[in-house]
Amino acid sequence: MPPKKRKLNNASEGSTPARTLDYFFGKQNQKSSPRPSSTPDPTLPSTQIDQTDQILTDEKLAQKLQAEFDAEARVFSASQQPPEPVQPQVTSPKKSAQADAAPDTTKLSTPKPTVAQNILSLSATPSSDDPLVASLPLDENPLTFAPSKCLPGLLPSWTSESGAPYALLTRCFTLVNNTQSRIKIVDTLTNTLRLLIEGDPDSLLPAVWLSTNAIAPPWVQGMELGIGGAAISKALKTACGLDNRALKALYDKVGDAGDVAFEAKKKGGFTFRKPKPLTIKGVYQSLVKIAKAQGPGSGETKQRIVDRLLQDARGGEESRAFLLSIPPNASYNVPYTQEELRKLKKDSLAAIYAKTETLLKTLFARHPDYNALIPALLNHGISSADILLEKCGLTLHTPLRPMLGSITRDLAEVLSRLEGRAFACEYKYDGQRAQVHCSSDGHVSIYSRHLENITGQYPDLVALIPQIKEDEVEGFILEGEVVAVDKVTGALMPFQTLAGRGRKDVDLSKVKVDVCLFAFDLMYLNGKALLEEPFRRRRELLRTKFKEVPGKFTWVKSQDATSEDAEAIQEFFKKAVEDKCEGIMVKLLDPEPGADLTNAALGNDEDPALPDPDSTPSPSKKGSKPSLAEKKPRRKPLLSTYQPDKRLESWLKVKKDYTASHSDTLDLVPIAAWHGQGRKARWWSPILLAVRNDETGALEAVCKCMSGFTDAFYRAMREFYDDGEVTGERKNTHPRRPGWIEYSGPEPDVWFEPCEVWEVAFADVTVSPTYTAGMGMAVEDRGLSLRFPRFLRKREDKGVEEASSSEVLVRIWRKQMDRGNGKRHREEAEGVEIEEE
DNA sequence: GTTCGCCTAGAAC
DNA sequence: CTCCGACAAATTCGG
DNA sequence: CCGAATTTGTCGGAGGTTCTAGGCGAAC
């Protein structure tokens, strides 16, 4: 059985756009699947695609895919390529057997040779295969780049059936990968998207999905690829005849899966069969099918080509593309011609770009689904803000992107940033963020911070939600923190307890860990979006239109203040930590005093240079307002409205472990390390750290650490702990684990001679299933570890003998568990076997 | 045929 | 979740 | 007053611990 249950995704309740998903994929489906009815059903956008697959077994699906790919191959070779000796796909004994062998012989694969083979061939397609595509000046300035000039040469090979070639995307991705300039990246993407808009709008949506490293919005379940690094390694080993050591050596050298694949192929002398041309739509469909079939293919493609591509500057490229290009049969026009834009001053051009980007980001924040956004844009262009807002606005049961908090070093920073304004301080509970949607019929859906649908995980909440509203409430969207609580006392429990709950299709009667929902915001109520309302207003509605359900639903603990109230805030913060919270959240209550209250939010107005409505403190624009005599560091203005798109991280997060003064640190000994990957390929990362056991004198591993090091520090470390690769002579390292070090886990690449002490910060001490530090001293048969460990500094003044002991670690754990009224819980944890039932 | 342990993937922080 | 580094944009500085 | 230097904002990359869900082989 395929692992993931394919739940049907409820179609959004809003009106269906004229161009539905089926518009994009319908043709393909008709061509490729023998489904009897091909009439698109507009009410089932994203799942309709493959409904028939849901009843197929993996094997049948594989066969079906095989047939489709064969057919595809035939179409291609017939229509546009000199027929090449296409090898028999599955049964060829030798050469293609290598490709087949990749996934076939791996332990974890169900046989799905065709998928694998074709996927594998994706990456084997050098973009230079298509000279037409390769010669496109995709990285040209979009203001001079002319799709209309390129397209005549390209279109003949883009049959209406197949659409644009995948080579176009790989070419774009290659260019993007080869530069670090964001401007260049946006230009390249803009041009690529424009080619598609003007030449093959049907391929636009799949192309956007592929570019964003996803194939469906996160809340649609059953669309994970299920392919990871391990599958790639195995495939590589078998495909290129490398053994573990050789492969590891390669990884350590280049540190990137894609590059490894490339090198491995060279080394192994392995030649792929001549790949057949792929199309954007085809690749997208293949990925969708892999996701649905849950069969492992070689994920090399994903890793190398699809994987790392830029969420970068999300919004910029799309909005610019739509600003410059329109699809062939568009019923609208672009607001400015290329020449007009080119003649503009730099400032005004930037303003126009900024305006459309703002609009697009707003749309995406409120309705983060390309399946809705792209069709709307194709149908209406970027200029008709109100139509777009209507099509892609805030919708019940479609999650919006959450407002985030930026970290703050200490309270002083908070006070100075918010001087002169009223704000609310709220407990920051240690649980899971939840966005709760409820429509008037009582239907509830719940989304995580990353917009996953977690409704099935909290049947208890689903049952609870209808009880929390006052009578006059119909539909609403609110946000809160789900926290594990003690069944009897209602005391807050640590995050680890919450994490122990089941996740999938949880049965209400089997819930073992009770939770309480602490609400902190309200974004939608009775048909009205509240995003533009100041927080004070949203909070008032949240408090008056909903009612507490003891132990299950209440409001976040909160206290209003201004910068004058330093001590009170300090007290509140300490109380929060004492009450087992991570710290506090600080949020502005009211809009900027001088700000525009009408607050149209979107630039649906004339002036393209219009500044952001809510933001304008106009600190000192144009010398008109020189004074105030303060030279505070200028800072981005914070918002009281709920608009995650405008300013990222508009709330302030004050956590207990940000400042050393409020949290413990540990002095640990680096004892081992691994070769880093990617950017850190030349250094040791992560590093294994240990505490001392005073009884035995041993060093007990407590955690790995990779955060907090500067590049300079890495460089020095690589020289100081040399396995011989750098200076040719071994320094401070051992090839094997010294006897006085206790650790059982994945084998490090190198062992260090323990000779330093590092001060390390962390958020909490956790009970560990893997680490041995303080084994049995806190919880039977369990060691302890650290949550969010990061390097602070080297303790030059301390020797290894002065490193923190496991005693210290245990003491911190006890203190942490004893906070609030949690002493009883600590004793329970100590006494009761975790494993017991 | 079931059950157990081991591994990977994904997602929460 | 964490941190750092890279780019780009926004301000301030220096002539 | 304009260009250079500096600060600030944003984003992406690399990876931390721990939990469940599923796949798969081995043992019963």
Side-chain angles (χ1 to χ4, degrees), chain A residues 1-5 58 106-110 179-186 218 224-231 233-234 255-256 294-296 299 308-314 316 350 354 406-407 429-434 448-452 454 457 481-482 494-506 582 619-621 631 633-636 647-649 653 655 657-658 674 676-681 683 685-689 702-714 745 760-771 784-792:
Chain A
M1 257 312 229
K4 316 273 177 176
K5 295 282 162 303
D58 282 6
T106 55
K107 283 288 191 323
L108 40 91
S109 51
T110 52
T179 181
Q180 294 208 354
S181 157
R182 279 159 219 220
I183 292 172
K184 199 117 227 163
I185 290 174
V186 171
E224 296 89 23
L225 281 179
I227 294 167
S233 304
K234 293 201 174 176
D256 174 274
Q294 278 300 303
R308 55 198 314 258
L309 305 174
L310 62 136
Q311 286 69 11
D312 195 31
R314 181 182 350 212
S406 57
I407 63 176
Y429 297 83
D430 192 7
Q432 178 178 8
R433 190 165 176 170
S448 73
R449 188 183 108 87
H450 298 294
L451 310 187
E452 306 279 339
I454 52 171
Q457 189 177 337
E481 190 83 2
V482 181
F495 177 75
Q496 245 182 323
T497 307
L498 180 71
R501 277 180 60 122
R503 291 185 196 140
K504 209 137 196 209
D505 305 322
V506 174
E582 301 176 280
S620 54
K621 249 216 154 116
K631 47 172 179 288
R634 111 200 115 86
R635 274 281 159 63
K636 89 185 156 180
R647 300 285 185 286
L648 227 46
E649 311 189 344
K653 196 162 55 167
K655 287 182 49 166
D657 59 306
Y658 289 160
W674 287 262
Q677 304 221 331
R679 217 183 69 81
K680 300 186 178 178
W683 304 316
S685 174
I687 318 287
L688 189 64
L689 301 174
V702 64
C703 70
K704 285 181 278 190
C705 180
M706 43 98 3
S707 202
F709 304 108
T710 62
D711 286 9
F713 192 87
Y714 275 123
V760 166
F762 54 92
D764 285 305
V765 176
T766 57
V767 176
S768 173
T770 52
Y771 288 94
L784 297 175
S785 187
L786 306 180
R787 176 146 79 142
F788 308 139
R790 61 250 190 215
F791 172 82
L792 282 185

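Chain A is the first sequence line, chain B the second, and so forth, proteins listed ahead of strands; every chain is numbered from 1. Just so it is clear, the model here is predicted, and its values are computed rather than measured.
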(message) Go nucleotide by nucleotide along DNA chain D from the 5' end; which of A:P789 and A:A499 gets its closest nucleotide reached first?
(response) A:P789
(request) May I ask you to evaluate whether A:S707 reaches the phosphate of D:dG16, defined as a side-chain N or O under 4.0 Å from OP1 or OP2? (result) no
(message) Whole angstroms only, please: what is the CG-C1' distance between A:D764 and C:dT2?
(response) 14 Å
(message) Quick check for you: among D:dG16, C:dC4, C:dC1, whose closest atom lies nearest to any side-chain atom of A:D711?
(response) C:dC4
(request) Would you classify A:E582 as touching base, sugar-phosphate or nothing, given that sugar-phosphate means primed atoms plus P, OP1 and OP2, and contacts are heavy atoms under 4.0 Å? (result) sugar-phosphate
(request) Please tell me which of A:K653 and A:K184 maps to the more 5' nucleotide of DNA chain C, matching each residue to the nucleotide holding its nearest heavy atom. (result) A:K653
(request) Between D:dG16, C:dC7, D:dG15, spot the one nearest the side chain of A:S685, thanks. (result) D:dG15
(message) OP1 or OP2 of B:dG10 versus the side-chain N and O atoms of A:K504: is any pair under 4.0 Å?
(response) no
(request) Using a cut-off of strictly less than 4.0 Å, decide whether A:R679 has a side-chain nitrogen or oxygen near OP1 or OP2 of D:dG13. (result) no
(message) Can you tell me how the ring of A:F713 sits relative to the ring of A:F791, calling it parallel under 30°, perpendicular over 60° and tilted otherwise?
(response) tilted
(request) Pick base, sugar-phosphate or nothing for A:F791, based on heavy-atom distances below 4.0 Å to the nucleic acid. (result) nothing
(request) Between C:dA8, D:dA21, B:dC13, spot the one nearest the side chain of A:I183, thanks. (result) C:dA8
(request) Consider the side chain of A:Q496, meaning its heavy atoms from C-beta on, and name the nucleotide among B:dA12, D:dT18, C:dC3 that approaches it most closely. (result) D:dT18
(request) Using a cut-off of strictly less than 4.0 Å, decide whether A:T770 has a side-chain nitrogen or oxygen near OP1 or OP2 of D:dT18. (result) yes
(request) Would you check if the distance from the ring center of A:Y714 to the ring center of A:F709 is below 6.0 Å? (result) yes
(request) Measure the distance from CD1 on A:I454 to P on D:dT20 and round it to the nearest whole Å. (result) 16 Å
(message) If you count heavy atoms of other groups shown closer than 6.0 angstrom to NZ of A:K184, is the number above 12?
(response) no
(request) Quick one: label A:L498 by what it contacts on the DNA or RNA (base, sugar-phosphate, nothing), any heavy atom closer than 4.0 Å. (result) nothing
(message) In this structure, how many angstroms lie between the C1' atom of C:dC3 and the CH2 atom of A:W683, rounded?
(response) 14 Å
(message) Nearest to the side chain of A:F788, heavy atoms from C-beta on, is which of B:dA12, C:dT2, D:dT18?
(response) C:dT2
(request) For the side chain of A:H450, starting at C-beta, report the closest nucleotide among C:dT2, D:dT17, B:dC13. (result) B:dC13
(message) Could you check whether any side-chain N or O of A:Q496 sits under 3.5 Å from a backbone N or O of A:V767, counting only pairs where one atom can act as donor and the other as acceptor?
(response) yes
(message) Using a strict threshold of under 4.0 Å (side-chain N to carboxylate O), is an ion pair present between A:R433 and A:E481?
(response) no
(message) By nearest heavy atom, map A:T710 and A:M706 onto DNA chain C; which one lands nearer the 5' end?
(response) A:M706
(request) Quickly work out the A:E481 CD to C:dC1 C1' distance and round it to whole Å. (result) 12 Å
(message) Closest approach to the side chain of A:R182, judged atom by atom: which nucleotide of C:dA6, D:dC19, D:dT18 is it?
(response) C:dA6
(request) Find the distance A:K680:NZ to C:dC3:P and express it as a whole number of Å. (result) 12 Å
(request) Please determine, for the side chain of A:D430, which listed nucleotide (D:dG15, B:dC13, D:dT17) has the closest atom? (result) B:dC13
(request) Return the value, rounded to whole Å, for the distance between atom CZ of A:F495 and atom P of D:dT20. (result) 11 Å
(message) Given C:dC3, D:dT17, D:dC19, identify the nucleotide with an atom nearest to the side chain of A:Y771.
(response) D:dT17
(request) Let me see the working for A:D657 and A:R790 under salt bridge (charged side-chain N to carboxylate O under 4.0 Å, His left out), right down to the final yes or no. (result) CA-CA 11 Å; A:D657 59 306; A:R790 61 250 190 215; 2.7 Å; yes
(request) Tell me which nucleotide among C:dC1, B:dA11, C:dG5 gets nearest to the side chain of A:E452. (result) B:dA11
(message) Over all strands shown, is A:K655 touching base, sugar-phosphate only, or nothing at heavy-atom distances under 4.0 angstrom?
(response) sugar-phosphate
(message) Without decimals, in angstroms, what is the distance between A:E649 CD and C:dT2 C1'?
(response) 12 Å
(message) Does C:dC4 have its OP1 or OP2 closer than 4.0 Å to a side-chain nitrogen or oxygen of A:Y714?
(response) no
(message) If I take atom CH2 from residue A:W674 and atom CD1 from residue A:I687, how far apart are they, to the nearest 0.5 angstrom?
(response) 9.0 Å
(message) For a quick check of understanding: with a heavy-atom distance under 4.0 Å over all strands, which category does A:R503 fall into, base, sugar-phosphate or nothing?
(response) base
(request) For A:V702 and for A:G500, locate the closest nucleotide of DNA chain D by heavy-atom distance; then report the residue assigned to the nucleotide nearer the 5' terminus. (result) A:V702
(message) Does A:F709 reach a base, just sugar-phosphate, or nothing at all? Heavy atoms under 4.0 Å.
(response) sugar-phosphate
(message) Whole angstroms only, please: what is the CD-C1' distance between A:Q180 and D:dT10?
(response) 15 Å
